[in-house]
Amino acid sequence: MSGRRTGAELVIVGGGVVGLAIAREVRRAGMDVVLLEKGRVGREASWAAAGMLSPLGEALEPGPFLEFGLKSLRLWTSFAPTLEEETGVELEFRRCGKLRLAFSEDEKDRLGNRLRWAHRRGVPARWLDGPEVRKAEPAVASDPRGGLLLEEDYRVDNRALGEALVRSARDSGVEAQEGREVTELRVQGGRAVGVGLADGSRLDAEAVVVAAGAWSGSLEGLPGSVPVHPARGQMVALQPSAIPSDRVLEWEEGYLVPRDDGRVLAGATEERVGYQRAVTAGGIRDVLASAVRLAPELAGAPVVELWSGLRPATPDGLPVLGAHPEVENVFLATGHFRNGILLTPVTGEAMGKLICETESSGIPEEFAPGRLARTAMDEVTSS
Ligand code: FAD
Ligand code: GLY
């Protein structure tokens, strides 16, 4: 412990892609930053993800979430090459497109509705009927009613992203410490003065960012609660003799993401089982059933890896980004749920602006940390 610093201008709790992207951004603006990670950086949800960058694929309606995702995807096109150049890490950032398939009339109607509002918003998307799907994607199951083609979707290697972000952050002067579990935020007179760690040590700070993913609600010391909970996702990697498609293929029950090395990532469950990270027989059965339903020839493909991760979920499905409603020098950056990889560049940029007070952050008010406490209060007062 001797020689370890006792304070920093900004302490960031959590070394997933969210904490790392913010660290990189604020360090570039000249701040003195220490990032504390309880395990190894980039090894939780950020490592477990499938790497799809799909604003329309994940948005259920037009609105702030879609706009934030579209903005992030635009940023990705310069963020990826810059990060690769800075670090030498190949991110496998590819404009692969996505085909979202409908196997039922209900799903066809839902996708048709999504197509209409996508067009109204000017997002490029196209409908393929059943025969067109079979022509475009011969390996796909023979009975789709059609599919929504999103040609502007990308994919990235999220594990490489974590590696590149920590390398870039450290090279620019961020002190990223691993094996450092924060247990409490030390708050005095309505302001954070630092953090307390599981080993009994303390670190003073002028400001603190909580970017602890699914664990963001577990820290002691903050008034109120951070209503983020874990949503487990189980995944399987297959190594077929030929990938079924260069595109991401998706339907209601799951998705297939191709990788440059010929693997296909099949995902994913979405389970509320607390902090259990086990890979289970039932979960993997469901993921494999979905994969083979999409592309039947995958039934013969060797399974090469199984894993799971905990998505940081919120009650309304939106991220939590901004200053804590009661402790103004604590910033929350969490709740990215199914889209933290997509939202990495825009989160880093927006939180950087907010923390450094350089210019307006552009964070939608719908993502404000106080909204969830307000919703709970509204429910109490109206009942
Ligand atoms: P994490 O990566 O979980 O990082 C949080 C970090 O905080 C962890 O490293 C943790 O150890 C650390 N930490 C927690 N508590 C403490 C503490 N007390 N002290 C110190 N450190 C602490 N998103 C997409 O955009 N596209 C996808 O295709 C996609 N696919 C997914 C598939 C699966 C199966 C899963 C699970 C997620 C997927 N996601 C996807 C979502 C994405 O992975 C997450 O939204 C994103 O990684 C969240 O990043 P994070 O930094 O907030 O969390
Ligand atoms: N975005 C894909 C997932 O979370 O499984």
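Both counts, for ligands and for their atoms, begin at 1 and track the order of listing. Being a predicted model, the structure only gives us computed values, none of them experimental.
For the pair Lys71 and Trp76, the minimum side-chain heavy-atom distance is 4.5 Å or more.
In this structure, Arg232 contributes its side chain and Arg277 its backbone to no donor-acceptor pair below 3.5 Å. Without hydrogens or angle criteria, Ser216 side chain to Ala212 main chain gives a donor-acceptor distance under 3.5 Å.
Not close to ligand 1: Ala214, with no non-hydrogen atom less than 4.0 angstrom away. Ligand 1 has no atom lying under 4.0 Å from any heavy atom of Trp47.
For Leu36, every heavy-atom contact with ligand 1 shorter than 4.0 Å involves the backbone, none the side chain. The proximity of Trp307 to ligand 1, defined as any non-hydrogen pair under 4.0 Å, does not occur for either the backbone or the side chain. Contact annotation for Arg43 and ligand 1: no heavy atom of the residue comes within less than 4.0 Å of the ligand. Residue-level proximity to ligand 1 for His336 is carried by backbone and side chain together, each with a heavy atom below 4.0 angstrom. With a 4.0 Å heavy-atom cut-off, ligand 1 is reached by the backbone of Arg180 but not by any atom from C-beta on. At a heavy-atom cutoff of 4.0 Å, ligand 1 is contacted by no atom of Asn158, backbone or side chain.
In this structure, the protein non-hydrogen atom closest to atom 23 (N) of ligand 1 is Arg338 O, 2.9 Å. Counting protein heavy atoms only, atom 21 (N) of ligand 1 is closest to Lys38 N, 3.0 Å. Protein heavy atom closest to atom 11 (O) of ligand 1, with residue, atom name and distance, is Glu37 OE2, 2.6 Å. Regarding atom 46 (C) of ligand 1, its nearest protein heavy-atom neighbour is Gly340 CA, 3.7 Å.
Counting atoms of ligand 1 from 1 in the listed order, those under 4.0 Å from a heavy atom of Val17 are 49 (O), 51 (O). Which parts of ligand 1 touch Met52 is read off a 4.0 Å heavy-atom cut-off, strictly below it: atoms 24 (C), 25 (O), 26 (N), 27 (C), 28 (O). Residue-ligand proximity, Tyr255 to ligand 1, at heavy-atom distances under 4.0 Å covers atoms 32 (C).
In this structure, Phe367 has its ring center under 6.0 Å from that of Phe68.
Between the CD1 atom in Ile22 and the CD atom in Glu349 there is a gap of 12.0 Å [rounded to 0.5 Å].
Among the atoms of Ala268, none of the N or O lies under 3.5 angstrom from an N or O of ligand 1. Considering backbone and side-chain atoms alike, Val18 places an N or O below 3.5 Å from some N or O of ligand 1.
Using a heavy-atom distance under 4.0 Å as the criterion, the protein contacts of ligand 2 are Met52, Glu58, Tyr255, Ala268, Arg311, Arg338.
Leu75 and Phe93 fall within the same hydrophobic cluster, where Ile, Leu, Val, Met, Phe, Trp and Tyr residues are linked whenever their side-chain heavy atoms come under 4.5 Å apart, directly or through other members.
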